[in-house]
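Here is how names work: the chains are called A, B, and so on, in the same order as the sequence lines, proteins then strands, and each is numbered from 1.
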Amino acid sequence: MVYWGRRALWKQEGSTNVAQDIRVRFAPSPTGNLHIGGARTALFNFLFARHNNGSLILRIDDTDLTRSTEESRRGILSALRWLGLDWDEGPAAGGLYGPYSQSQRLDIYKETARMLVERGIAYRCYCTPEELAERRKQAAAEGRAPRYDGRCRELSLQEQIEKENQGLRPAIRLRIPDRGETIVQDFFRGDVVFANDVLDDFIIMKSNGIPAYNFACVVDDAKMRISHILRAEEHLSNTPRQILIYQSLGYSLPVFAHVPMILAPDRSKLSKRHGATSVEEFREMGYLPEALLNYLALLGWSPEGEQEVLSLAELVSQFTLEKVGKTAAIYDVKKLTWMNGHYLNAKDIDQVVEQAAPYFQKKNMIPQRLNREETVYFKQVVSAVRTRVKTLAEVADASEYFYTDSFSYDEKGVRKHFRKEKAAEYLKKAREKLALLEKFDLETTEAAYRELSEELGVKAGEIIHPTRLALSGRTMGPGLFEIMVILGKEKTLKRMERAVQYIENLS
RNA sequence: GGCCCGUUAGUCAAGCGGUCUAAGACACCGGCCUUUCACGCCGGUAACAGGGGUUCGAAUCCCCUACGGGUCACCA
């Protein structure tokens, strides 16, 4: 069976009932970190594979020796793992079609290219990069298309030997028909027609023995039995060349599906100057993998119903290519942030505590290891604070006063709550009442405040606001009595005294 | 510049010729709840790029224009 077109479906091939497994791949080149566009492509591949009980292959396209780095490779793998996008074959997972790094498959490309040359489908080209660049420049100046002029197409053996004797190492070019057209059957866009004469004899093997991208990509996709190629739209223009390679090699074509790109807020291609664009950066800022995944899924794909908050499992069960759109999307951090806040609160508190810890450590708020008592306190803090913030980093920021006594008071707050006539008096009285409490919990503290507000004949808020500022230095945060209980009686009273002194010293 | 793809509100996005005086979400603006903030709930502003066709009927099909993006490397 072959998953066949946009509307239809599962086509029976002959009478055999043997299912052709769905095999998709994500093939990043380790030349930087995984940005959200790549992550989204990986996600779609993952969802498609899981939804159809297929396999996800991870391949490292590291043929660019000068730009590929081990650090980047590790970073990409760790970002994928953090997101929870596990792969069935590839680095660390193994598989029947390895190795899964192109740098380890050079012999395969070399042998394949040699065979193409032998058959006359490809040929050696001795033009140097400098010469080619010069000719391109010339063509541009004359307003011609910068195509390779085919001058090495028909070199005789004698000529080739001469070039070799001059020390020239050839690149290998694929012979492209001058006429006709190559049609890309794109799953989302239908037939996309390219005239062959706009293509030129492109290089499949560089003179240093390294394959060019299109070549390595096709050889691997074919040898790894990839059934569907889901990749970014930027590759659509490459596809006719790849199809020509498939044909030269006698391989059958996979289904091509080019997903729309993700653009930066200014509509341009994603780059470093657009602020956070990599998964790693979002992670550092305290975004949760489930939120990032959920948000990314909604960029270019839409669920059947109206529910937009979906777990990975729900995404898997709902994901179909039919619901993938074809227009480029601009990512919107605000919506991501909203979604992150949602997950931050919905998530199991123990997990949040665990994930928030590094952010507290980074700010030296908590030590690497917490004892039992510290752990209980930490958990109380996190669960009180998380409801008002949207990221893990903000959880830590909003928790500062739980870990230091020497915080300063918010200026606006001081003006609003401390400079009031009776602020100090209220605080003193409140402190006295709290001091008398035997049990210091949510009920008793709140009752004390209600009582006091009645005795004084003022609204509870009149006392509550200055108290919040006294205890936290801030005007916003968790419920006041929650803060008190977490801080404990002793600290609460001390901070109130400190505030009273502060107010009395205000001129 | 050539070739290719795309164009529904500020953003994501539903819509596959009539049910569209166009859904939902984020953002924004009001209101409710409330000790603050946030959450939550209720309500509001806001879109079919423009022009020609085809059709009884078009956001949906075709063409042109404009705009945006991609690609044209011994980068991937």
Exercise for review: Let me have a per-nucleotide readout for nucleotides 71-76 of chain B, 5' to 3', with B, S or -, counting only protein heavy atoms under 4.0 Å.
Suggested key: S-SBBB
**Study point:** Sugar-phosphate or base contact per nucleotide [nucleotides 27-39 of chain B; S, B, -; heavy atom under 4.0 Å]
**Key:** S-------BBBBS
Point to revise | Contact letters for nucleotides 59-65 of chain B, in which S counts primed atoms plus P, OP1 and OP2 and B counts the base, heavy atoms under 4.0 Å | key: -------
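In this structure, A:R415 is not positioned above the aromatic face of A:F418 in the sense of NZ or CZ being under 6.0 Å from the six-membered ring centre and within 45° of the axis. For the pair A:R474 and A:Y401, the cation-pi test (distance below 6.0 Å, angle within 45°) is failed.
When each of A:E304 and A:D266 is assigned the nucleotide of RNA chain B bearing its nearest heavy atom, the one mapping closer to the 5' terminus is A:E304.
Separation of the P atoms belonging to B:rG31 and B:rG70 is 43 Å when rounded to the nearest angstrom. Here the separation of B:rC75 from B:rG69, taken at their P atoms, is 26 Å to the nearest Å.
Checked against side-chain hydrogen bond (donor to acceptor under 3.5 Å, both in side chains), A:T239 has the following partners two or more places apart in sequence or in another chain: A:R231, A:H258. For the side-chain contact (heavy atoms from CB on, under 4.5 Å) test, residues two or more places apart in sequence or in another chain that qualify with A:M285 are A:A276, A:F282, A:Y287.
Among the protein residues, A:V193 comes within range of the sugar-phosphate backbone only, with heavy atoms under 4.0 Å from sugar or phosphate atoms but none that close to a base.
One interatomic measurement links the two molecules: CG of A:L199 to P of B:rG2, which rounds to 17 Å at whole-angstrom precision.
Pairs of residues two or more places apart, or lying in two chains, that qualify as side-chain hydrogen bond (donor to acceptor under 3.5 Å, both in side chains) and include a residue from residues 422-431 of chain A are A:E425-A:K429, A:K428-A:E504, A:R431-A:E497.
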